[in-house]
Amino acid sequence: MLTARVRALPVGGRHSGVRTADILGNVTFPVVGMVGGGQLARMTHEAGIPLGIRFKLLSDTARDSAAQVVGDVVVGDYRDLETLRAFAQGCDVITFDHEHVPTEHLRALEADGIAVRPGPDALQHAHDKGVMRAKLSEIGVPCPRHRLVTDPADVARFAAEGDGFPVVLKTVVGGYDGKGVWVVRDEDGAADPFLAGVPVLAEEKVDFVRELAANVVRSPHGQAVAYPVVESVQVNGVCDTVIAPAPNLGDALSAQAQQLALTIAAELGVVGHLAVELFETRDGRILVNELAMRPHNSGHWTQDGAITSQFANHVRAVLDLPLGDPRPRAKWTVMSNVLGGDFPDMYSAYLHCMARDPQLKIHMYGKDVKPGRKVGHVNTYGDDLADVRERARHAADYLRGTITE
Ligand code: ADP
């Protein structure tokens, strides 16, 4: 005879809720509801598999990256509250692969008694760059000089208040991979950002030597772990390569960046993975560029280069499980993004890439190959940074088709 073993399981702090039995009468593992069907959702789902965690996905289409691999997929619009409400039924916790869900919808879900992680109070800072800048300034986090601007004339006033043009303009919501960011050199060139009809943030153009990311994971319990600070190399506003740890970053600056990220996570009440994108300035300071409260491209190296990946720790955090060790497995790990090129058949490149470098780790997202689109990434690791970088670069370029040997 099958008997249901119903007991409280760790979902929602320590630990709410009696779990329902599945079709066989056994108590089941928690269901994580993931809003957004991109590659971050796909890889978070992958990290939940060894733990037996079940996923339910709210995806824009049935063809999205994660929708191809998750068993329980709802196709629907995350901007519609009733769709979100229906989706949340049967989920023990809701988490995200993007920050675009309207904050008021997340508040409504919480009012319904649904565990939303990260919650709206935290997530609004990743959703809206104006809210983020205001909060970071309030808690004393170093940021570029900034303020909201109303029109091109106001941009000129903002420039005059500082060192003049160029100035960086950003729409406060909806941007990604540099879309929604403009570098403007005069008032006449400042019109475009205002066309979208959303508030525009002006920032000083920071004279940085490189971009860094400090990634941390925090649980509702208050436990937090910090990954090594990484260098993120951008090409045309898109992350191209991540080097872990950031080469030649002094211990003091590294510890400062990690502490900054841990402080932001605690102050904003973040649950899950928090990526803090940073500028390292010419005079040796770090300034926060932006925040992402979800697994992040700058953390993809952790899949093969850290003891616990960002995805596994995000799953643990949203379920309030103890977090895993974030330390690196190798001296150096390098991640290079694979962008689509002119050759749609990337699989045909596997033979060469795998034969050339048996240590190479390929992660593909199941996306159609279109020029410039992020369709996967590779991870390499080892003791010699130049060699590790070359292997990642070679594989990414070969997969894209920009080199043939
Ligand atoms: P997105 O949300 O599209 O990722 P970001 O705010 O991260 O936008 O900006 C994209 C890129 O633009 C950054 O990685 C950086 O290279 C450049 N950038 C953004 N803000 C500034 C700034 N204030 N000064 C100089 N460069 C900037």
Side-chain angles (χ1 to χ4, degrees), residues 36 38-40 96-101 123-137 141-149 155 158-159 161-185 189-190 192-193 196 198-215 229-243 246 257 260-261 264 273-283 285-300 335-337 339 372-374 377:
Q39 63 264 24
L40 301 176
F96 311 91
D97 99 330
H98 60 68
E99 44 269 315
H100 304 315
V101 181
L123 206 53
Q124 61 177 337
H125 301 96
H127 177 70
D128 184 315
K129 291 178 183 181
V131 174
M132 179 265 291
R133 283 278 179 249
K135 180 68 180 180
L136 294 186
S137 302
V141 168
C143 291
R145 189 177 73 83
H146 64 274
R147 72 168 168 81
L148 292 170
V149 284
V155 176
F158 173 82
E161 288 157 17
D163 295 333
F165 285 100
V167 160
V168 176
L169 298 180
K170 302 176 174 182
T171 50
V172 295
V173 293
Y176 67 98
D177 282 352
K179 296 176 181 63
V181 177
W182 292 260
V183 178
V184 299
R185 306 199 175 275
D192 283 358
V198 291
V200 175
L201 182 73
E203 292 180 358
E204 69 172 294
K205 184 168 186 303
V206 177
D207 181 22
F208 59 82
V209 284
R210 60 177 169 171
E211 297 187 54
L212 305 170
N215 292 341
V229 177
V230 297
E231 177 175 342
S232 153
V233 183
Q234 313 279 316
V235 176
N236 300 326
V238 179
C239 172
D240 177 82
T241 290
V242 169
I243 306 167
L260 202 60
I264 294 169
H273 188 267
L274 168 72
V276 180
E277 295 181 21
L278 300 161
F279 298 127
E280 183 182 351
T281 65
R282 224 162 272 286
D283 55 357
R285 292 173 302 137
I286 46 176
L287 301 175
V288 172
N289 175 28
E290 73 160 347
L291 308 179
M293 294 178 195
R294 50 172 169 77
H296 188 254
N297 204 166
S298 63
H300 288 0
M335 187 272 342
S336 283
N337 279 324
L339 302 186
R373 187 183 199 197
K374 270 186 210 169
H377 66 269

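All of these numbers come straight from a predicted model, not from anything done at the bench. Both counts, for ligands and for their atoms, begin at 1 and track the order of listing.
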Is a side-chain donor or acceptor of N337 paired with a backbone partner of C239 at a separation under 3.5 angstrom? yes
Please examine the side chains of D207 and T281, heavy atoms only from C-beta on, and report whether any two atoms are closer than 4.5 Å. no
Output yes when E203 and R133 qualify as a salt bridge under the 4.0 Å nitrogen-oxygen rule, no when they do not. yes
Can you run down the salt bridge (Lys or Arg N to Asp or Glu O under 4.0 Å) pairs that involve residues 290-300, sequence neighbours left out, and say none if there aren't any? E99-R294, K129-E290
One line per pair, note the atom names and distance for all nitrogen or oxygen contacts under 3.5 Å between ligand 1 and the protein.
residue: ligand 1; atom: 2 (O); partner: K129; partner atom: NZ; Å: 2.8
residue: ligand 1; atom: 2 (O); partner: E290; partner atom: OE2; Å: 2.8
residue: ligand 1; atom: 3 (O); partner: D177; partner atom: N; Å: 3.2
residue: ligand 1; atom: 3 (O); partner: G178; partner atom: N; Å: 2.6
residue: ligand 1; atom: 4 (O); partner: E290; partner atom: OE2; Å: 3.0
residue: ligand 1; atom: 6 (O); partner: K129; partner atom: NZ; Å: 3.4
residue: ligand 1; atom: 6 (O); partner: K170; partner atom: NZ; Å: 2.9
residue: ligand 1; atom: 6 (O); partner: N289; partner atom: OD1; Å: 3.4
residue: ligand 1; atom: 7 (O); partner: E277; partner atom: OE1; Å: 3.4
residue: ligand 1; atom: 7 (O); partner: N289; partner atom: ND2; Å: 3.0
residue: ligand 1; atom: 7 (O); partner: E290; partner atom: OE2; Å: 3.2
residue: ligand 1; atom: 8 (O); partner: K129; partner atom: NZ; Å: 3.3
residue: ligand 1; atom: 14 (O); partner: E211; partner atom: OE1; Å: 2.8
residue: ligand 1; atom: 14 (O); partner: E211; partner atom: OE2; Å: 3.4
residue: ligand 1; atom: 16 (O); partner: E211; partner atom: OE2; Å: 2.6
residue: ligand 1; atom: 20 (N); partner: K170; partner atom: NZ; Å: 2.9
residue: ligand 1; atom: 23 (N); partner: E203; partner atom: OE1; Å: 2.9
residue: ligand 1; atom: 23 (N); partner: E204; partner atom: O; Å: 2.9
residue: ligand 1; atom: 24 (N); partner: V206; partner atom: N; Å: 2.9

Counterpart residues, salt bridge (Lys or Arg N to Asp or Glu O under 4.0 Å), relative to D240 (two or more places apart): R393
Output all residues satisfying side chain to side chain contact (heavy atoms under 4.5 Å, CB included) with K205, sequence neighbours left out; order by chain, then residue number. P166, V168, V183
